[in-house]
Amino acid sequence: MRRWNGWGHTDVSYPLPDTTAAVLAERVGPGSAPRDALLAEVAASVPPSRLPPHPLVSTEPELRIRHARGQSFPDLIVLRSGRVPAFPDGVAFPRSAEDVRALLSYAREVGARLIPYGGGTSVVGHVNVEPGDAPVLTVSLERLQQLHSLSEEDRLATFGAGISGPRLEQTLNVRGYTLGHFPQSFELSTLGGWIVTRSRGQQSLGYGRIENLFAGGRLESPAGTMMLPSFPASATGPDLREFVLGSEGRLGILTEATVRITPTPEREDFHALFFPDWERARTAVRELVQSGAALSMLRLSTAQETAIHLALSGHPRMVGLLSGALALRGVGAEGCMLMLGVSGSERAVEHSRRTALGIAGRHGGVRMPTLGQKWRKGRFRAPYLRNAAWERGWGLDTVETATSWSNLPRLLAAVESALREALADRGERVLAFTHLSHVYPTGSNLYTTFVFRLGHDADDTHARWLALKTAASRAMVAHGGTISHQHGVGTDHRPWLEAEKGQLGISAIRQMFGAFDPTGLLNPGKLV
Ligand SMILES: Cc1cc2nc3c(=O)[nH]c(=O)nc-3n(C[C@H](O)[C@H](O)[C@H](O)COP(=O)(O)OP(=O)(O)OC[C@H]3O[C@@H](n4cnc5c(N)ncnc54)[C@H](O)[C@@H]3O)c2cc1C
């Protein structure tokens, strides 16, 4: 069963080892866990629904709680504290495009606002219910999960857009294919959610980003149905798929999506390499991606993140042995860890592996066996750490951006120092560390994790988080970074969007939404 107030499934947890807790206590101060509200207590606070009955709509309180928020840090605060400002008035589970159209008509007739809901894994407020006079209907797409068609000849598959990551991959894998889209939220996020938030998978370098994988589909909007044919390419003016990508539930509900699939690779390797310092590591990664070597993943941690990951691993003896082995090969305290993925046929993997290790070796890169496979096994485990940290009194969140290679050092320094300083006036220390998880020939993303002590109550914790988020966002905008490389805009990044798109750009986006949704029925207040 899924947790209602944290990440993941209730039967999966990874408690923080005492050695890890000791490191956090030393770096940011001892944590003190707040009391969590019980589900029954929150259920008692759910107000009566304002929606008239409809056969597709449930007004059951627990369902309304479970669909009130996503997975952002502020979402965690309101759910854990039980102080949820607003709930959807009802939750619907359509089984077909016809059901979705019926729900759009119903919402229009009863004056409700409608929030499309995929896996609810948004970390920027995309699915949140804002308090207001109009009733709110959340439309969960979890029952739109069928495989409609798969053409081996065309390498295309069409799915219901509510299909989750694991189900989609299982469905393809048994037929010898993969989509290759593995965001860290893979366990719970959905195909439709990936498309409308422009999500990135861990192996997007090899399989392509969701923009490249999304070939077409069907969108139900208040103004009507839009079919997106899946041509291999077309020169017929603006590409309407681009309207849907990043539309964050404002344009319509994607009920079906056709995606480009790849035969399951014969071999998939992950290697861990260590470089003597950040400068050499960063240069190696840039050369690797610019070389065009067929890699599926490059994920480079700064020296600080590398040291913290090792310190937090909870295996001090193994880390000691690893550090000793690295020191013998010229990698000391400034060492930076790179995870490198290669997928394809046996021959292609061997060729890419040799090319990549050659480039890395020229910059002092040293390969450490077995760590790559270990990373692969635990690749979806990190989000559970946020639950564990909270339960020991620490807040753990991430911010992300992207910029050119030439601007990367400036932006990295600005974001990390903004975070480290953000709570100084409260006398609080913040741990901030970064990796590059998505690299391009022209630049890279930056993914920074920060850890701080929870406040003495929910308001204080929220104020701390807001100070941190604002400081990081300001640094991104001031130092040439995008406000989001992969998480989207939602509500949390909305104040910073105009700096990036300009007034004309924002106005064009609004008008485009107006063409599909003239009365502003869908997901109000998100994105713009
Ligand atoms: C632990 C964790 C790790 C994450 N890792 C990554 C990562 O590696 N890469 C990454 O890119 N993101 C990541 N995210 C963010 C999040 O998972 C992505 O934004 C994901 O694409 C959201 O998909 P979802 O199905 O959960 O959508 P939801 O959160 O349910 O919805 C997101 C938005 O999409 C809209 N929507 C959803 N489905 C539809 C549909 N069918 N039609 C129209 N609108 C729809 C909603 O209205 C909302 O505006 C992570 C989040 C968490 C909590």
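In listed order, ligands and their atoms are each counted from 1. For clarity, every value in this text was computed on a predicted model and none was experimentally measured. The first residue of the sequence shown is numbered 1, and numbering continues consecutively from there.
Of the candidates V196, I253, T197, L141, L141 brings a heavy atom nearest to atom 40 (C) of ligand 1. For atom 47 (O) of ligand 1, the choice among S247, P116, S122 with the nearest heavy atom turns out to be P116.
With ligand atoms numbered from 1 in the order given, ligand 1 contributes 7 (C), 8 (O), 9 (N), 10 (C), 11 (O) to contacts under 4.0 Å with heavy atoms of R200. Remark: ligand 1 atoms within the under-4.0 Å shell around heavy atoms of P183 are 6 (C), 7 (C), 8 (O), 9 (N). Within the listing of ligand 1, atoms 40 (C), 41 (N), 42 (N), 43 (C) sit less than 4.0 angstrom from a heavy atom of L254. With ligand atoms numbered from 1 in the order given, ligand 1 contributes 24 (P), 25 (O) to contacts under 4.0 Å with heavy atoms of T190. Listed by number with element, the atoms of ligand 1 under 4.0 angstrom from any heavy atom of G252 are 43 (C). Of all atoms in ligand 1, numbered sequentially from 1 with element shown, those under 4.0 Å from a heavy atom of P383 are 1 (C).
Any N or O atom pair closer than 3.5 Å counts here, and R198 shares no such pair with ligand 1. An N or O contact shorter than 3.5 Å is missing between V123 and ligand 1 by distance. In terms of polar-atom proximity, defined here as any N/O pair under 3.5 Å, S185 does make such a contact with ligand 1. Checking only distances, G118 does come within under 3.5 Å of ligand 1, N or O to N or O. Between W7 and ligand 1, a contact under 3.5 Å exists for no N or O pair.
Considering only heavy atoms from C-beta on, L141 stays 4.5 Å or farther from T190 through its side chain.
Using modelled atom types and a 3.5 Å distance limit, the side chains of T434 and E416 yield a donor-acceptor pair. Remark: the S72 side chain and the D75 side chain contain an N/O donor-acceptor pair separated by less than 3.5 Å. T442 and W405 form no side-chain donor-acceptor contact under 3.5 Å, judged by distance and modelled atom types alone.
The pair E220-R218 meets the salt-bridge criterion, with a side-chain N (NZ, NE, NH1 or NH2) lying under 4.0 Å from an Asp/Glu carboxylate O. Between E62 and R66 there is a salt bridge, with a side-chain nitrogen of the basic residue lying less than 4.0 Å from a carboxylate oxygen of the acidic one. Checked for salt-bridge contact, E391 and R80 meet the test: a charged N lies under 4.0 Å from a carboxylate O. The pair E248-R198 fails the salt-bridge criterion, with no side-chain N (NZ, NE, NH1 or NH2) lying under 4.0 Å from an Asp/Glu carboxylate O.
Among protein heavy atoms, atom 22 (C) of ligand 1 sits closest to T121 OG1, 3.3 Å.
Checked by atom type and distance alone, the side chain of T482 pairs as donor or acceptor with a backbone atom of S484 at under 3.5 Å.
Contacts of L144 with ligand 1, taken as heavy-atom pairs under 4.0 Å, are absent altogether.
Taking a 4.0 Å cut-off on heavy atoms, S164 fails to register as neighbouring ligand 1. Distances from ligand 1 to the non-hydrogen atoms of G120 include at least one value under 4.0 Å. Using a non-hydrogen distance threshold of 4.0 Å, E248 registers as a contact of ligand 1.
Among the candidates E268, Q203, E169, the single residue satisfying the side-chain hydrogen bond (donor to acceptor under 3.5 Å, both in side chains) test with T178 is E169.
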